[in-house]
Amino acid sequence: MLSMDLFRNEADKIRADHDKRGIPHDSINQVIRLDEEWRNALKEMEEGRRERNLAARGIADAKKSGNKEESDKIMAQVKDIGDRIAALDDKANSLLGERDTIRMSIPNLLHDAVPVGEDEGGNTQHSLHGVKPEFTFEPRNHNDLIEMNKWVDLERAAKIAGSRFFFLKGDLARLELALQSYAVDFLIGRGFTFVQPPLMMNRTAYEGVTDLSDFENVMYGITPDPLYMIATSEHPLTSMYMDEVLEPSMLPIKMVGVSPCFRREVGAHGLSDRGIWRVHQFTKIEQVVITHPDDSWDHHEDLLKNCVDLWDALNLHYEVVNICTGDMGTVAARKYDLEAWLPGAKSFKEIVSCSNCTDYQANRLKMRYRTSEGNAAVHTLNSTAVATSRALVAIMEQNQLEDGRVKVPECLVPLMSGKTHLESCKW
RNA sequence: GCGGAGAUCGCAUAGCCUGGUAUUGCGGUGGACUUGAAAUCCACUGUCCCCCGGACACGGGAGUUCGAAUCUCUCUCUCCGCGCCA
């Protein structure tokens with residue numbers, strides 16, 4: 001959510017940002033209008049309260065001096081003020097609610113370096129990493145590999161849970177655990193604190209960290225309790241300090257979270273989504289940073305550097321992409337994606353997303369730090385380190401051998417008790 | 001799940017019984033004193049508004065009342081005890 005200061009004093013900045021994104025100004029103008037109306041209603045209500053407070057003091061004084069006649073007189077005079085205030089209060093509250101509902105749907109201001117483009121076709125390459133693997137045979141896609149090696153059971157998962165759920169089995173399951181462990185240790189080595197979050201959150205906290213439309217398309221709601229399964233550990237980790245004022249000495253707070261991620265994936269279909277590429281539940285190791293606004297852009301580069309070094313250590317071929325205006329979403333001010341080369345699919349596909357959300361989440365979460373001039377919103381950043389299901393797909397496709405076995409990335413071999421290749425499951 | 005006690009500004013606290021302008025300490029910022037520092041002293045230190053000034057804020061919501069931190073109801077959370085449990 002953007003701060004009201006921007007709407008009141010620098011609305012042209014928001015308008016210019018909307019122009020870059022190619023969206024109309026209607027919502028901005030509505031927020032500004034509703035804000036004015038709310039302030040008028042507020043003024044009127046406060047005037048009423050002021051009257052009431054003065055009267056209440058008069059009654060108190062009269063009672064103290066034993067002047068019952070005087071106190072009765074004032075009480076009779078002010079009897080209806082309460083009702084008047086209540087009506088004005090309702091009006092002000094509904095205006096404020098309307099203002100902020102619209103304000104929440106207005107996206108963050110983009111960084112100047114974000115390329116302008118209509119959709120993902122407008123994304124630009126930032127850098128290219130690793131060596132493109134060459135094969136002496138026709139490489140298989142991951143769906144064929146998991147099937148021939150019996151590493152994933154989608155049918156039986158569908159039987160007991162639904163489509164897009166999966167059992168992960170044998171050596172591939174073990175590699176998954178090794179990836180988690182490797183990524184967590186890697187980030188601990190870079191000053192991050194390992195955090196395991198709750199896997200469910202309430203609505204209030206959730207609204208602070210996500211786009212409202214996610215409640216329809218992404219999150220699983222839990223009944224009968226008013227809770228949501230987390231779609232990523234970014235959400236609990238970022239909202240952890242909701243409603244708090246942080247001491248500047250605590251910043252930056254750098255966390256590495258690991259959790260299962262639950263996503264409804266409404267509307268996601270297609271051949272390229274077969275296998276375990278797009279699923280309702282996967283594990284993700286996530287970097288989250290809460291920091292002073294002055295160094296958030298440095299941290300954004302650091303997060304990307306961590307990803308690059310981590311994926312280089314896995315010895316995979318991938319590119320880093322600048323996400324363009326049309327592909328950005330609501331919350332981030334700037335975003336890099338890592339896209340891994342999938343030889344079976346013969347294309348680069350998204351494996352990591354690295355965002356600086358500036359003060360957008362912090363405003364909504366009322367997450368501030370102390371300054372000598374008062375409290376100011378912190379900046380929040382998040383980046384995938386490894387989403388294991390997609391990392392497994394990239395490893396399988398890039399490291400496959402002609403017989404269908406898969407070479408374990410060297411850095412993970414010690415975490416696999418020295419095992420260098422993934423073997424098939426018997427059943 | 002049952003019984004009890006609680007939730008007050010960044011932290012800690014008083015006020016609640018008996019309704020009438022939110023107490024005090026710590027921490028923080030600025031200033032005085034000082035060669036400098038410490039100590040001491042002074043001011044400021046939650047949110048909102050049209051920032052002179054006013055309004056709001058005592059876990060959330062509702063009620064009673066001219067008026068609620070204070071009384072009533074309700075929800076949430078925390079702590080203690082009991083029960084159940086990996």
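Order of the sequence lines sets the chain letters (A, B, ...), proteins ahead of strands, with each chain counted from 1. The figures that follow rest on heavy atoms only: side chains count, while hydrogens, waters and symmetry mates do not.
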> Which residue lies toward the 5' end of RNA chain B, A:R52 or A:E46, if each is placed at its nearest nucleotide?
Replying inline: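 Upstream on the strand: A:E46.
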
> Of A:M4 and A:E47, whose nearest nucleotide on RNA chain B comes first from the 5' end?
Replying inline: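 Upstream on the strand: A:M4.
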
Could you please name the partner base of [N], counting Watson-Crick and G-U wobble pairs only when both distances are under 3.5 Å?
N	value
B:U35	none
B:C52	none
B:A7	B:U76
B:U13	none
B:U18	none
B:C2	B:G81
B:G67	none
B:C44	B:G28

Roughly how far apart, to the nearest Å, are [N] and [M] at atom [atom1]?
N	M	atom1	answer
B:G60	B:C51	C1'	29 Å
B:G59	B:G6	C1'	11 Å
B:U24	B:C58	C1'	16 Å
B:A69	B:C56	P	10 Å
B:C85	B:U18	P	45 Å
B:C52	B:C41	C1'	30 Å
B:U23	B:G61	P	23 Å
B:A14	B:A22	C1'	10 Å

How close or far is atom [atom2] of [N] from atom [atom1] of [X], stated in whole angstroms?
X	N	atom1	atom2	answer
A:D89	B:G61	CG	P	11 Å
A:E244	B:G46	CD	P	18 Å
A:N93	B:A55	CG	C1'	14 Å
A:R368	B:U47	CZ	C1'	8 Å
A:M250	B:G28	CE	P	16 Å
A:L96	B:U47	CG	C1'	12 Å
A:E247	B:A12	CD	C1'	14 Å
A:Y369	B:G46	OH	C1'	17 Å

Answer yes or no: does a side-chain N or O of [X] lie under 4.0 Å from OP1 or OP2 of [N]?
X	N	value
A:N53	B:C56	yes
A:R39	B:C50	yes
A:R370	B:U45	no

Report the nucleotide, chosen from [options], that has the shortest atom-to-atom distance to any side-chain atom of [X].
X	options	answer
A:M75	B:G20, B:C66, B:G46	B:C66
A:R8	B:G20, B:G10, B:C50	B:C50
A:L42	B:G10, B:G20, B:C48	B:C48
A:W38	B:C49, B:U47, B:C66	B:C49

Is the shortest side-chain N to carboxylate O distance from [X] to [Y] below 4.0 Å?
X	Y	value
A:E286	A:K284	yes
A:E69	A:K73	no
A:E207	A:R203	yes

> Going by atom types only, do A:N29 and A:R15 share a side-chain donor-acceptor pair under 3.5 Å?
Replying inline: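 A:N29 vs A:R15: donor-acceptor pair found between side chains.
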
>> Less than 3.5 Å apart, any donor N or O on the side chain of A:T238 or A:N382 sitting next to an acceptor on the other?
In response: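 Side-chain D/A pair, A:T238 to A:N382: absent.
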
> What is the ring orientation for A:Y369 with A:H292, classed by angle as parallel under 30°, tilted 30 to 60°, or perpendicular over 60°?
Replying inline: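 Rings of A:Y369 and A:H292: tilted, as their planes differ by 30° to 60°.
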
> Got A:Y360 and A:L2 here, is their nearest side-chain heavy-atom distance under 4.5 Å?
Replying inline: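 Heavy-atom side-chain distance check passes, below 4.5 Å.
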
